[in-house]
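Lettering of chains follows the sequences in order, A, B, ..., and the numbering in each one begins at 1.
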Amino acid sequence: MSRVGRRIRDGAGGMRAPLAFLAAALLLWQVVTSTGLVKFYVLPAPSTVLEAMARYGPTIAEESLATLTVALAGFGLGTVAAIAVAMTLTYARLVRDAVYPLLLALRALPFIAIIPILVVIMGTGYEPRITVCALSTFLTTLVNLMRGLRSADAEVEELMHTLNATGMQRLLKVRAYAARPYLLAALRISASSCVIEATVAEWITGDSGLGYLVQISGYTFQIGLMWAAIVVASALTLGLVGIITLVERVAMPWVPRGGVGAAARQGGAA
Amino acid sequence: MADRRHREGIVVRGLTMTYERRGITTTAVADCDLVVPKGSWASLLGPSGCGKSTLLKILADIVKPTSGLVTMDELTPAEARAARIFALVSQQSTMLPWRRLAENVELGLELAGIPKRERRARAREAIELVGLSGFEKAYPHELSGGMRQRAAIARALTLRPRFLLMDEPFGALDEITRERLNFELIQILEESGATLLLVTHSVSEAVILSDQVAVMSPRPGRIVHLASLPFGHHRTPALRDDPRFAAAERELRRALGNGHEVPPVRIAPEPEPDPALLAG
Ligand SMILES: Nc1ncnc2c1ncn2[C@@H]1O[C@H](COP(=O)(O)OP(=O)(O)O)[C@@H](O)[C@H]1O
Ligand SMILES: [Mg+2]
């Protein structure tokens, strides 16, 4: 097996215990709800949710695709923009001094609250939803990258200096690596927040997506479908975060795993 | 011409280094003079905090001196760095955490644009020399402090520098490895004709590895004693049995003792108050 393959497989073993616990919880949930002690609209039985998933499979798939498209497009655009701007700000000192404090202040913006404004500007299509995802990814990733690009130890910088490294060599051989734990931490946060923001934006825009499905199934009192949409949205988030975890394993083979505090010693971001 | 030859090697003249940090000024090195003739070996010996690392960092162009003159073969530190004529083994034996050992050893050659095939070969040779064969693929965090020190030495050796600046490079090594590496280094220096400036805490290591030993006073560091050693460059472990070896060690220990006030020695730790008596 390749080295990369092994690193990926090593991570799978840790899932056994949580999966067993999940199965037990589902069983308990089924038992409790089928006794009728809990009203179905408070908590539908897992079987009801599964039934809805089966019955409305094509609809759920279609709306999932809409949500996933929005989340991924926003995530991708925000990440690319953050990398480009972080590089620019790192090397253009004057621009950084002028612009960066303002960008930091922008983080205080409640992104979800600006969706209605975006809808007014852009209509109810994908554009405002993608924009809100991209904005939040951009700012989260930018702030982490700005720190990450400067996170190499002073001693490493001194070493590169005495070895007469050029600016480009420092970027490619030091900063690009020092920034990785910070970048991936940001991507992990953004991946899950993008699904949340896409879903919330869909309540407001209507039109399509899992958020929209939750809303209309609520209006029509289809509790099973409502829960099914939420379960699928969670699964999307988990899937995206899982992909980021795999990327982490492959992109940072030097970071020790398993020991408490091991990652922190290697300069991993919080 | 005579003047020119006179200034080859390492020349330190009237060097003063004052750090300023949050309003606190520390004079690390005060009016220091030192000449290490080309191809000779010198050691700096002194109590910690006396400015030894600072002196090496000035030579390596990491910090700029407050005043004074420093040259290597008549080049300023910045010029010497650009010409890649020195290699520094820093006290921290710094490694890039994301590079495997072999990649770390190759780093200097890589930055200098040496083709892959050649830098592989030179790195392999240096790794073998410091006894790290078999660990090429290990990441720095998987190595002990002593192994990292050896890797840092290997990285410096791949550069085949004219000036080798080493800051306590053997500090984390066990006695046996340390002595073996001392004599490996002697052989390399003898073959390459490189000039050595070594910072060390160990009096015997200074004697083994030097033509002259500069003893520094406590901060602000000044050279208070300069010992010339008569052992030539062809040295073997038998050197330790030379009666002049012990004499040189004695001389250096005395100079170290004179250079600063010896703090009063506390013979026994203060007795802990007996809880039974306190309670009584
Ligand atoms: N970057 C710095 N800023 C301020 N003070 C420093 C700095 N580096 C070293 N010093 C001070 O200079 C003195 C000499 O340090 P150093 O050269 O590391 O000594 P040595 O290597 O002999 O132990 C110490 O008192 C240290 O605290
Ligand atoms: Mg030191």
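Contacts of B:Glu110 with chain A are made by both backbone and side-chain atoms, with heavy-atom separations under 4.5 Å. Neither the backbone nor the side chain of B:Ser90 comes within contact range of chain A; no heavy atoms are under 4.5 Å apart. For B:Arg81, the parts lying under 4.5 angstrom from a heavy atom of chain A are both the backbone and the side chain.
When each of A:His161, A:Lys173, A:Glu155 is scored by its heavy-atom pairs under 4.5 Å with chain B, the top score falls to A:His161. Of the residues considered (B:Ala82, B:Ala60, B:Ala80, B:Ala87), B:Ala82 shows the highest number of contacts with chain A, using heavy-atom pairs under 4.5 Å.
Ion pair B:Arg120/B:Glu106 flagged as a salt bridge, since at least one NZ, NE, NH1 or NH2 atom sits closer than 4.0 Å to an Asp/Glu carboxylate oxygen. Between B:Asp167 and B:Lys52 no salt bridge is recorded (no basic side-chain N to carboxylate O distance below 4.0 Å). Taking the charged nitrogens against the carboxylate oxygens, B:Arg122 and B:Glu118 do have a contact shorter than 4.0 Å, which makes a salt bridge. With respect to A:Glu248 and A:Arg188, a salt bridge is recorded, a charged nitrogen being found less than 4.0 Å from a carboxylate O.
Relative to the six-membered ring of A:Tyr177, A:Arg180 meets both conditions, a distance below 6.0 Å and an angle of at most 45° to the axis.
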